[in-house]
Structures are given as C-alpha cells and as structure tokens.
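Notes follow once the structure below has been shown.
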Amino acid sequence: MTFRPLRDRILVRRIEAEEKTAGGIIIPDTAKEKPQEGEVIAVGPGARDESGKLTPLDVKIGDRILFGKWSGTEIKLNGEDLLIMKESDVMGVIEQTAAVKKAA
C-alpha cells in the first residue's frame, strides 16, 4: 500500500532514542518519552496561497526533523506506527555537516 499526503501534510517515521545514557544507565520502556525526532517518508504537493499559486514544502523525503511532543496524528500503515502532521508542526530540519559525516 502506498500513501500520498495531501496539501502541506507530511508522513513521518519516529526515530527511536537511545536506550542507554552516556553514563551507561539503561532507560526502561516505562520511563522513555516519545521521540521528537523523525524521518520524512512522504510529502504532500504543498499549500496554496491566497492567489491560488502552489507553494512547495520546505521539507523533503529523507529529511531528519524535530517536532513537538504532541504534534501530528498517529496512524498504523502496513503494520508500522507513523505520524501525519502539517509542515507547520515541524520545528526544524537536522542537517549533518561534512565534518560529522567524515567522522562517522
């Protein structure tokens, strides 16, 4: 099954947080919060302005984004938990610099 968001909506897969802290403490599932970071897996065509002109979205497929804790609507698609949200719910795009990519 494929899914195509409409207007300025995007489909996001949450990126799970680490299960261990930097000090080595394992975080139990009951203490974990929902991740606020995700990967964009589908985008709509964009919103229309007052004159009817299509304004494309700033995010694209593959972008890693940050969003609010209660942003979006949770859905299950092909057995996978995903989020549908408006582009306005996105706080920013995480961009890796060339130096970080080389170190990895």
Does R13 have any salt bridge (Lys or Arg N to Asp or Glu O under 4.0 Å) partners at least two apart in sequence or in another chain, and if so, which? E39, E80

For residues 43-59, which side-chain donor-acceptor pairs fall under 3.5 Å, sequence neighbours excluded?
unit_1 : atom_1 : unit_2 : atom_2 : d
R48    : NH1    : G52    : O      : 3.0
D49    : OD1    : S51    : N      : 3.1
D49    : OD1    : S51    : OG     : 2.9
D49    : OD1    : G52    : N      : 3.1
D49    : OD1    : K53    : N      : 2.8

Here the gap from K76 atom NZ to L82 atom CG, rounded to the nearest 0.5 Å, amounts to 10.0 Å

Is E87 close to R7 at the side-chain level, that is, under 4.5 Å between some pair of heavy atoms? no

From NZ (K60) to CD1 (I65), nearest 0.5 Å: 12.0 Å

How far does OG1 of T73 sit from CE of M85, to the nearest 0.5 angstrom? 9.0 Å

Contacts of D8 that satisfy salt bridge (Lys or Arg N to Asp or Glu O under 4.0 Å) - sequence neighbours left out: K86

Using 0.5 Å steps for rounding, measure from the CG atom of D63 to the CD1 atom of I41. 13.0 Å

Could you give the distance from CD1 (I75) to CZ (F3), rounded to the nearest 0.5 Å? 5.0 Å

So which heavy atom on L83 is nearest to which on S71, and how close? CD2-O, 4.0 Å

Check F67 against V12 and note the closest heavy-atom contact, atom names and distance. CE2-CG1, 4.0 Å

Would a hydrophobic clustering, with Ile, Leu, Val, Met, Phe, Trp and Tyr connected at side-chain separations under 4.5 Å, put V40 with V93? yes

Applying side-chain contact (heavy atoms from CB on, under 4.5 Å), run through R9 and R4 and close with a yes or a no. CA-CA 9 Å; R9 289 184 173 77; R4 181 178 53 93; over 6 Å; no

With rounding to the nearest 0.5 angstrom, report the CZ to CD distance, R64 to E37. 4.0 Å

